[in-house]
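When reading the values below, keep in mind they use all heavy atoms of this one structure, side chains included, and skip hydrogens, waters and symmetry mates. In what follows, chains carry the letters A, B, and so on, assigned in the order in which the sequence lines appear, proteins first and then strands, with residues in each chain numbered from 1.
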Amino acid sequence: MTSRERRNLVTGLAFTSLWIVGFGVFLLYPVAASLFYSFCDYSVLQSPVWIGLENYERLAGDGVFWHSLRNTLFYAALAVPLGTIVSLSLALLLNVEVKGRAFFRTVFYLPSIVPVVATSMLWLWIFNGQYGVLNAVLRPVLDLVGASPPAWLSDPSWSKPALVLMSAWGVGNSMVIYLAGLQDVPKELYESASIDGASPWRRFWHITLPTISPVVYFNVIMSLIASLQVFTQVFVIAGGLAGQPNPLEGQPARSLLFYTLYLFSTAFYDLRMGYASAMAWILFVLIAVLTVTANRLAARSVHYAN
Amino acid sequence: MPRRFPDTLRLGPRLLAATALVLLAGACSRAPKDERVRVVYWEKWTGEEMAAMKATVDAFNRSQDRIFVEFLSVSGIDRKTLLATAGGDPPDVAGVWVQNLAAWSDAGALEPLDPLIEASGRTVEEFMSRYEEAFTRICSYDGKIFGLPSTPASTALHWNKKLFREAGLDPERPPRTVDELYEFSKKLTKRDPATGRLVQIGFFPRDPGWWRWSFPLWFGGSLLDEAGNISLATDPNNLEAFRWVEQYSDLYGAEELNVFMSGFGQFGSPQYPFFAGKTAMVFQGVWLNAYMRQYAPGLDYGCAPWPIADPEIGHYTVIEADMLVIPRGAKHAKEAFEFIEYVNSANTAATSREELRGMELLCFLQEKNSPLREWSPWFAANHPHPFIDVFRELARLPYAGHVPLMGVWEEYSREVNVVEERVRLKQMPPERALALAHDRMEESWRRHRESVDRQRRAAVRRGERAAAESSALESPPTPTAALLP
């Protein structure tokens, strides 16, 4: 290394030092520490005591842990496909040459810039069993068949589907990414397909989808990760329901007890940081496995242009 | 077998906390420019409760010239105090929830107040005998005092006299037994004649949902047996309590009740069902009067003990108080205790608002009942709450219930709440809901005691002073067994 190269290196490191320190102190160290704590009996207030695999063994027999995992997987299994369909459909519509296209694009993106807490409070009222807008619309319709709408968030069998519906509200970000992907689809392909007499559906299926498949892949992975980590909405909603003073229970009747909510209460209320760290690492492994699986599947169906 | 791990790894959280605090220090420090010792006090309340405490802090700061208490209103008090204590830089005084007391002292995070009480020239017995007995019980854990009350309260049945009149009931006579409570509720229930939907109900066990854990105690049951084991599913009186919960789901219809309940507003709002006239009776704390003045002025109501559920127990109430504690590692523990002692004292000869001191000043401003046995005549005669005597009497009941002081209480209370949910929603019969929660808590309680034991042994191996004092052979603390005297 010449002296000039060394000087450049030092300058470069000096310029990035803030990030390096921040990364080390606020990310690398906590991540490494949490792995260590997951093998410890650790209450935050006392020094960790090494207990080997005990936390993991206990998690295997913890019914509420499995319940929270099931709740989360149920949510992800519905929210990811719904989000993908809604955001892709919106992107396709907004890609059509119509008057006021910029206006519509803005309107459909708007919900994504509303903070999650505000959105959650809003949906809390939309879903309200007695005064909610949604039920005000549904009631007369369902009356015709002699049924009445559910109390949504207050009803354990409808609370998760309600959250799934709510998640479709925030698809703006993936919609924009889809839109960018759609603009990259070569127009010539559509033109030649039209000349050959391909229907719009066939053009979508054989041209659009394969061309944007990397974008679909990216969005699905991102929304899968986000769904498995869903926290804020649930925390606000489970705590904002009438007569539900403690969001940590995942009320009603634990139907909204999601993985991260259980992790949070275990760590900071029950003072079992070691146990919660083990949960965090299981979630990490779960997400990693799902991503790798998706990667394998994608190898066959995702087409990259070059 | 637990093993020791390198000390360097323990430095991490401290370094982190230290970095954060250095960054914050510039913004927060506004030390008085005199020789006084600065005591940092974190409190969770906002609004009127905070204003009252702030006034009490100011009164303390004026009352002497050696200590200056710096009052900070902090949200998420439990987690912030916890992390600050773990990081080795806690406030000198923190106003935490009573349910934090046992868990935190199991983790060695709180300074026992006994030596400080004794240093002030009184025995602990003398000091604590000044309180109504129920309040002394929630301050002590494992034979030591770990906190002293700051927002004391007893709870009562509140009933809406106007709705009683409309239903043809005597507005001056509250229900005296749970059977009467049920009968009155039936009479006070109104449905929309066209749709059959509920528009008003008498009483609803879930409202406000803060004392669901106390239903078993009210019915003569227990949460822990005499040996300190979980007794949720083994005490037959507990089953009675949750059958009582189920009774109301049957009365109103579980689903209909759920829909009706979803229209309830939050407590601090005019839409709170008792304020809005949707419920005619509710168990609420002494604070309700102040909220009513703000959100439902002129509401004609009365206060009475919880109706009798078990003749052997008779009248019942739940006692609550927040706890002023000194976290482990506080820099000015002695001065902090002087402040706590001031808040927990009173001028029993006070003849005007200006002469009120400590607890009476705080409780006068917060419109609550003082937990001390002796009240100054002025405080008793001029208290802003019209029914303060009811609450004073309630605090004296031999069967005043309170949260059990046990290290896994956060979790236990959640489990009991889930039992109530499952029963109320008619998801499962009370027996099954209780059995599920019981099994879970038994396991968790065993684990907790194991963990406390393990931590103590580890601390002794490290040769930590505090741990060495309490013998390693000593078994982990068992909580106040019966929870009821």
Side-chain angles (χ1 to χ4, degrees), chain A residues 25-26 29-30 32-33 36-37 39-52 58 61-64 127-132 135 148-156 240-246 248-255 257 265-275, chain B residues 2-5 7 9-10 12-13 15-16 19 78-79 82-83 85-86 103-104 106-109 197 204 206-210 255 258-267 273 328 407-408 410-411 413-414 417-418 421-422 425 427 436 440 443-444 447 450-451 454-455 457-459 462 464:
Chain A
V25 172
F26 294 110
Y29 170 76
F36 172 73
Y37 294 147
F39 297 105
C40 291
D41 180 350
Y42 181 44
S43 68
V44 187
L45 288 159
Q46 282 157 312
S47 312
V49 180
W50 184 270
I51 52 169
R58 279 190 162 147
D62 181 344
V64 175
F127 280 128
N128 189 298
Q130 214 179 2
Y131 305 125
N135 278 2
S148 56
W152 296 105
L153 295 165
S154 306
D155 184 337
L241 289 171
Q244 317 263 24
N246 189 349
L248 301 175
E249 284 152 38
Q251 292 155 329
R254 281 208 173 117
S255 63
L257 185 72
S265 68
T266 306
F268 291 102
Y269 288 84
D270 303 341
L271 306 186
R272 288 189 197 126
M273 190 56 91
Y275 197 67
Chain B
R3 273 200 284 124
R4 224 195 123 180
F5 72 96
D7 274 356
L9 271 163
R10 280 164 53 204
L15 275 177
L16 245 169
T19 319
D78 35 13
R79 273 153 293 137
L82 182 82
L83 294 178
T85 308
W104 291 15
D106 273 355
R197 314 228 73 154
F204 176 35
R206 177 50 173 280
D207 181 23
W210 299 328
E255 214 166 299
N258 205 27
V259 172
F260 185 59
M261 189 184 118
S262 67
F264 288 2
Q266 297 285 357
F267 173 61
R328 175 191 71 200
V408 290
E410 287 275 359
E411 192 184 351
S413 65
R414 286 205 299 273
N417 288 350
V418 170
E421 284 267 289
R422 287 172 165 163
L425 293 161
Q427 279 192 330
L436 281 175
R440 196 171 151 69
E443 163 69 7
S444 169
R447 251 173 81 180
E450 242 174 59
S451 164
R454 180 157 53 202
Q455 290 285 359
R457 275 184 279 124
R462 282 193 299 267
E464 276 174 16

Distance under 6.0 Å and angle within 45° of ring axis: B:Arg447 vs A:Tyr275
yes
Looking at B:Glu443, B:Arg422, B:Gln427, which makes the most heavy-atom pairs under 4.5 Å with chain A?
B:Gln427
If you tally heavy-atom pairs under 4.5 Å between each of B:Leu436, B:Thr85, B:Leu425, B:Asp207 and chain A, the highest tally belongs to B:Leu425
Minimal non-hydrogen separation, [X] against [Y], with atom names:
X: B:Ser444; Y: A:Arg272; answer: OG-NH2, 2.9 Å
X: A:Glu249; Y: B:Asn417; answer: OE2-ND2, 2.8 Å
X: B:Asp106; Y: A:Gln46; answer: O-NE2, 3.8 Å
X: B:Ser262; Y: A:Asn128; answer: O-ND2, 2.8 Å

Do B:Ser451 and A:Asp41 have side-chain N/O donor and acceptor atoms under 3.5 Å apart?
yes
Within the 3.5 Å criterion, strictly below it, is a donor on B:Arg197 or A:Ser148 matched to an acceptor on the partner's side chain?
no
Do NZ/NE/NH1/NH2 and the carboxylate oxygens of A:Arg58 and B:Glu450 come within less than 4.0 Å?
yes
Taking the side chain as everything from C-beta on, heavy atoms only, tell me whether [X] gets closer than 4.5 Å to [Y].
X: A:Ser47; Y: B:Arg462; value: yes
X: A:Ser265; Y: B:Arg414; value: yes
X: A:Ile51; Y: B:Arg454; value: yes
X: A:Leu271; Y: B:Glu410; value: no
X: B:Asp78; Y: A:Tyr269; value: yes

The reported gap from CG in B:Leu82 to CG in A:Leu45 (rounded to nearest 0.5 angstrom) is 4.5 Å
Please classify the contact of B:Phe260 with chain A as side chain, backbone, both or neither, using a heavy-atom distance under 4.5 Å.
both
Which bit of B:Val259 comes within less than 4.5 Å of chain A, counting heavy atoms only: side chain, backbone, both or neither?
both
